[in-house]
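When a residue number appears, it is its place in the shown sequence, counting from 1.
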Amino acid sequence: MVALSWFFYDVMNNPSVEEDILYEIARRKRIQISSFDSPLREMEAAAAAAENAKPVIRIAAICGSLRKASFNRGLIRAAIAICEEFITDMKIDYIDVEGLPFYNMDLEEDGSFPWPVEEFRKKIREADGVLFASPEYNYSVSPLLKNAIDWGSRPPNAWADKGAAIVSAGGSSAGARMQYHLRQIGVFLDLHFINKPELIIPAFQPPQKFDRNGDLIDLEMKERLKKLLLSLHAFVLRLC
């Protein structure tokens, strides 16, 4: 923003380019030039328009739990809030996978999929990256998450070449083995996971990590989640 301020200072002192540049920026951002009542406000509005023009990274977030007060869905809500406050050029969209039918090749017809699957695959394709949040089931990913992964992997693979991150919360292992297995699955899917930092939360150890609604309340865990999201942000930018 400092650099932009100096740029617009130079523009305002150069009448030969001032009007064209300000009008073009205003036109693209639909700012009404007639509403400007001072050169300073013109500069501020144009600078804000340029700042708001930054591309937004879109992250698809998928939860592997159906439980109403799921800790892992709570992690996604916390991630959304962190991005809204601290990482404003990255937007996390929660993708509900509960309505996907159980994977069955018989449901595919001439390269098309059932409507819920088509919508899900479209959202994954349009995303720049993926955030997975899931508990551990029998040393592996949950059935709900595996079903979503399988539908997304059908040709053409919707997961390919995207940056990704994993978070988990749960009992004794807190999802560590699930995360390791999901990374193995990602090799075949051409998903590129960040390696560090990891976020594996032992949900039942003190201090209390989540409230009764499944919302993350532990400040240290929130800070660790923020660092993971910043790492994902930087990684996705490198891949784009």
Side-chain angles (χ1 to χ4, degrees), residues 56-98 124 127-146 148-149 162-186 191-239:
V56 174
I57 297 171
R58 303 301 292 264
I59 302 296
I62 299 174
C63 179
S65 175
L66 292 173
R67 193 169 67 88
K68 183 177 180 181
S70 165
F71 298 149
N72 289 281
R73 193 177 298 110
L75 286 175
I76 291 176
R77 289 194 297 271
I80 291 171
I82 288 170
C83 285
E84 289 175 349
E85 184 173 0
F86 299 107
I87 316 173
T88 56
D89 61 334
M90 186 165 80
K91 185 177 188 299
I92 296 178
D93 298 308
Y94 172 65
I95 310 299
D96 188 359
V97 296
E98 182 177 354
I124 298 302
D128 301 302
V130 186
L131 175 64
F132 295 97
S134 178
E136 180 178 307
Y137 281 63
N138 301 321
Y139 285 20
S140 186
V141 299
S142 71
L144 180 69
L145 178 56
K146 185 60 166 60
I149 289 172
K162 297 185 186 297
I166 317 170
V167 295
S168 62
S172 58
S173 73
R177 290 170 297 223
M178 178 280 299
Q179 291 205 21
Y180 179 64
H181 197 186
L182 183 54
R183 289 177 182 275
Q184 290 180 297
I185 295 170
L191 269 172
H192 308 296
F193 287 100
I194 62 170
N195 291 323
K196 292 182 179 65
E198 295 179 312
L199 186 60
I200 303 169
I201 301 177
F204 303 105
Q205 294 182 12
Q208 185 178 355
K209 309 296 192 303
F210 299 88
D211 65 16
R212 62 186 300 174
N213 297 315
D215 290 318
L216 183 65
I217 58 175
D218 184 277
L219 295 181
E220 179 186 352
M221 294 300 114
K222 285 186 178 182
E223 186 61 28
R224 289 177 57 186
L225 177 58
K226 178 182 174 183
K227 290 178 180 178
L228 179 141
L229 293 171
L230 286 169
S231 179
L232 177 61
H233 176 273
F235 188 53
V236 169
L237 284 178
R238 290 201 300 271
L239 291 176

Kindly compute the distance separating [atom1] ([X]) from [atom2] ([Y]), expressed to the nearest 0.5 Å.
X: Ser142; Y: Asn72; atom1: OG; atom2: CG; result: 8.5 Å
X: Glu98; Y: Cys63; atom1: CD; atom2: SG; result: 10.5 Å
X: Arg77; Y: Asn213; atom1: CZ; atom2: CG; result: 7.5 Å

Using a 3.5 Å distance criterion without hydrogens, assess whether the side chain of [X] forms a donor-acceptor pair with backbone atoms of [Y].
X: Lys222; Y: Ala78; result: no
X: Ser70; Y: Gly214; result: no
X: Ser168; Y: Ile200; result: no
X: Glu136; Y: Ser172; result: no
X: Lys209; Y: Pro207; result: yes
X: Arg67; Y: Arg73; result: no

Contact between [X] and [Y] at the side-chain level, heavy atoms closer than 4.5 Å - yes or no?
X: Ile87; Y: Ile57; value: no
X: Ile92; Y: Ile82; value: no
X: Asp128; Y: Met90; value: no
X: Phe210; Y: Leu75; value: yes

- Query: Do Lys226's NZ or CZ and the ring of Phe86 fall within the cation-pi criteria of under 6.0 Å and 45°?
  - Reply: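 Yes, Lys226 lies over the aromatic ring of Phe86.
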